[in-house]
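Below is one structure, written out as structure tokens; the observations come after it.
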Protein chains: 2
Amino acid sequence: MRKVTINDIAKVLNVTPSTVSRALAGNLRVSLKTRELVKAKAKEMGYKPNSMASALRKGTSDTIGIIIPRINRHFFSNIISGVQEVLDPAGYNLMVMQTGESLAKEKKAIETLMNNRVGGLLLSISSETQNGDHLSEVIQSGVPLVQFDRVLSEVQSVKIVNDNRQGAYIATKHLLKMGYKRIAYFGGNPKLDTYINREKGYKEALSEYDVPIDSSIILHDTITRITGKEAMVSLVKKKKIDAVFSAGDYSALGAIDALKQMGLSAPEDYGVVGFANEPFSEIMSPSLSTVEQFAQEMGNKAAVAIIKSIKEGPMNYIETIDTRFIGRESSIKS
Amino acid sequence: MRKVTINDIAKVLNVTPSTVSRALAGNLRVSLKTRELVKAKAKEMGYKPNSMASALRKGTSDTIGIIIPRINRHFFSNIISGVQEVLDPAGYNLMVMQTGESLAKEKKAIETLMNNRVGGLLLSISSETQNGDHLSEVIQSGVPLVQFDRVLSEVQSVKIVNDNRQGAYIATKHLLKMGYKRIAYFGGNPKLDTYINREKGYKEALSEYDVPIDSSIILHDTITRITGKEAMVSLVKKKKIDAVFSAGDYSALGAIDALKQMGLSAPEDYGVVGFANEPFSEIMSPSLSTVEQFAQEMGNKAAVAIIKSIKEGPMNYIETIDTRFIGRESSIKS
DNA sequence: AACAAAAATACAATCGTTTGTATTATAAAC
DNA sequence: GTTTATAATACAAACGATTGTATTTTTGTT
């Protein structure tokens, strides 16, 4: 019941293992006749290549590692799906690691993947990660790296990101067009590029409409349903705002919770726009205006980039994916 | 810049590679003194084990494969999360494969994982899968198998499933208690155990309340938002029902879409209960009564089972996880 | 001090591929 | 028909860890 190996095939056909290996790989150094003979025999004998042996000898495998903060987040699971869409037909496998936003776990994940001799590494950093010190091993070893969504700009690699600035800009502009003037900003971790850029886009739109930027209504770490709700209650009480652009849908949802609780509503009393197009944003009532990010596409691009990097050596460029504004009830006054 | 190997350490310390290997593995055959010496030197030299070499020699790896229909589905991504929660601290890695509900892809995934000499296999079958023929290779090779959520009962393995019957039973009973009498059933693929059991639970509750079972209001393959809406429109027009128990939240959402469109509402005119506790079910309006499945817990249990199977050899039992009914606006008449 | 028993380490084969180099077989050239 | 070029295959050494067996060293006993 032992597995059939290349050597077994070689013995049966009275050739050497090297010939079998080359034949199976389609190497032109072995004649067409033998190539076909070997392939047929391999199939007949039920040969299954041992990826471990191959990886050991070659020093690299057909497995690609991906590291993300959380797999059970709509955005990231869609990215994975997009990655596999490309990797699968190309013959690569995917090993998934989660950091749970912890730098320590991120380091461990990188180490594990390196020990497994992955052919390439896809990474979206944890919110704790401040620099690329822990990536030096990856860079030095020559294993190609592709960063996506949350990237460290200091680290040399392909970077695939959303145009967060543009998305936030359009969303904020939309609110301005609808006549809202005092628009709050709810952001996340202010150290992440993602949120830095969303804030930039927000400010840019305000400036364009000559609306003064008021730092007292620009909030950070206000990205969950709970914190969004609390912030909204407070801002409404202070009568400081007439709308919110939230850098996440959850905090936008929280804002709407707050309005409902206070007997107010969107878009009549306050305009609300989120970011991410979470599945619930369309379903909730009022439905939530938001910015759609193309996660699947991001996954596709990251996968294409890693395959290219594997074949042609590490590269270094940034690719930006446009976002799309989706206007819904929460911000469209009739 | 070459990687440090066990042999390098051996040379430096003037011992043999076997001693180093055993020392690093904590084997008592090597003296405490050498063990500590080796470990220290390994650390000093920046030794990183080569998982491939180890896997080749041992014939198995510390990687566990998981096969699911779709990763970007809330339920499954939460299972993965739960699996990793257990696997991670135990030193196992996870390789994730998606079938997209295709049997052909499922076969390929199994082959790939077997070629990668995974230590164990976690599987939730595709909706196309009818039998376990393609699993014979796994069973024969002795690689432990754990099925979860969607399982083939004919195949010998650990099986971790939700108590779908119980969940459906409680949900239907709840509708009956609320005074609804003519309750439709919206199901999925009627060949999957999952839906067979939900239908069973539904019927059981009806029988208990002496409500006759009417096959004209028992619908299969009605599990998406669209099909749920269409079915609801049709049933309401025919005045056949006063409530729906849907085996999925999406079709329940569709049913509510239908009601809204016809100027009707839940729970006043029709009661609606879903299944799955999708994130949107709490957020939508009216909020949706549903049955919560503990995906994370299922993942935990599957992971524990696979580790146990790896250590103690393949096992064969079924573990059932209770579901929990969550009553919300869509079915609670005041 | 001699010997047995136990502990520690060394030796060597092995896992299944891959790949550079050497060798043999075939074809082409004169 | 010999020489040269080319195609096809064989040989053999890796890749890095693991593990059964053999050997050496240490410890204990009398």
Side-chain angles (χ1 to χ4, degrees), chain A residues 1-39 41-42 45-63 91 114-119 141-143, chain B residues 1-39 41-42 45-63 91 114-119 141-143:
Chain A
M1 192 48 67
R2 228 185 78 270
K3 286 243 170 197
V4 179
T5 75
I6 246 177
N7 303 291
D8 300 330
I9 302 175
K11 255 175 224 154
V12 173
L13 292 178
N14 253 313
V15 296
T16 57
S18 55
T19 300
V20 175
S21 173
R22 290 195 169 99
L24 290 172
N27 191 320
L28 297 180
R29 235 172 87 175
V30 0
S31 69
L32 180 62
K33 210 184 81 195
T34 355
R35 256 182 287 156
E36 288 180 339
L37 191 70
V38 168
K39 282 182 185 166
K41 194 50 117 181
M45 296 174 69
Y47 169 73
K48 298 284 159 57
N50 184 324
S51 311
M52 300 296 112
S54 168
L56 171 60
R57 174 61 231 243
K58 296 210 280 198
T60 180
S61 72
D62 287 341
T63 295
M114 294 300 289
N115 292 353
N116 274 276
R117 301 296 183 272
V118 289
S141 71
V143 171
Chain B
M1 192 47 69
R2 227 185 79 271
K3 285 245 170 196
V4 179
T5 75
I6 243 176
N7 304 290
D8 300 329
I9 302 175
K11 254 175 225 153
V12 173
L13 292 179
N14 253 313
V15 295
T16 58
S18 55
T19 300
V20 175
S21 173
R22 291 194 169 101
L24 291 173
N27 190 322
L28 296 180
R29 235 171 88 174
V30 359
S31 68
L32 181 63
K33 210 183 82 197
T34 355
R35 255 183 287 157
E36 287 179 341
L37 191 70
V38 169
K39 282 181 185 167
K41 194 49 116 182
M45 296 174 70
Y47 168 74
K48 299 283 160 57
N50 184 325
S51 311
M52 299 297 111
S54 168
L56 172 60
R57 175 62 232 245
K58 296 210 278 199
T60 181
S61 72
D62 287 340
T63 295
M114 292 301 288
N115 292 353
N116 274 278
R117 301 296 183 273
V118 289
S141 71
V143 171

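Each chain gets a letter, A, B and so on, in the order its sequence line appears, and its residues count up from 1. As a basis for the values below, the full set of heavy atoms in this structure was taken, side chains included, without hydrogen atoms, waters or symmetry mates.
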State whether the side chain of N27(B) and the backbone N or O of R29(B) hold a donor-acceptor pair below 3.5 Å, judged by distance alone.
yes
For R117(A), does its backbone N or O pair with a side-chain atom of S61(A) as donor and acceptor, under 3.5 Å?
yes
When rounded to whole Å, the CG to P distance for the pair L32(B) and dA6(C) reads 21 Å
Can any side-chain N or O of T63(A) pair as donor or acceptor with the backbone N or O of V118(A) at less than 3.5 Å?
no
CG of L28(B) versus P of dA6(C): gap in Å, rounded?
17 Å
S31(B) and T34(B): side chain donor to acceptor below 3.5 Å:
yes
By the 4.0 Å heavy-atom rule, please label N27(A) as base, sugar-phosphate, or nothing.
nothing
Taking atom P of dA10(C) as reference, at what distance in whole Å does atom CG of N14(B) sit?
8 Å
If only side-chain N and O atoms of T34(A) are considered, is one of them under 4.0 Å from the OP1 or OP2 phosphate oxygen of dA8(D)?
no
With a non-hydrogen cut-off below 4.0 angstrom, is K48(A) in contact with a base, only sugar-phosphate, or nothing?
sugar-phosphate
Say you draw a straight line from OG of S141(A) to NZ of K48(B); how long is it, rounded to the nearest 0.5 Å?
10.0 Å
Using the side-chain hydrogen bond (donor to acceptor under 3.5 Å, both in side chains) criterion, which residues pair with T19(A)? Sequence neighbours excluded.
T16(A)
If you pin K33(A) and R117(A) to their nearest nucleotides in DNA chain D, which one's is more 5'?
K33(A)
Euclidean distance, atom CG of residue N7(B) to atom C1' of dG16(D) [Å, nearest integer]:
6 Å
Using a 3.5 Å distance criterion without hydrogens, assess whether the side chain of R35(B) forms a donor-acceptor pair with backbone atoms of V30(B).
yes
Measure the distance from CG on L56(B) to C1' on dA14(D) and round it to the nearest whole Å.
13 Å
Indicate, with a heavy-atom threshold strictly under 4.0 Å, whether T16(B) touches base, sugar-phosphate, or nothing.
base
Taken to the nearest whole Å, CG/N116(A) to P/dC15(D) is 20 Å
Nucleic acid footprint by protein, nucleotides 18-26 of chain C - heavy-atom cut-off 4.0 Å, B for base, S for sugar-phosphate alone
BBBB-----
Interatomic distance where NZ belongs to K11(B) and P belongs to dG16(D) [whole Å]
11 Å
d(NZ, K3(B); P, dA17(D)) in whole Å
10 Å
With sugar-phosphate meaning primed atoms plus P, OP1 and OP2, does N115(A) contact a base, only sugar-phosphate, or nothing at under 4.0 Å between heavy atoms?
nothing
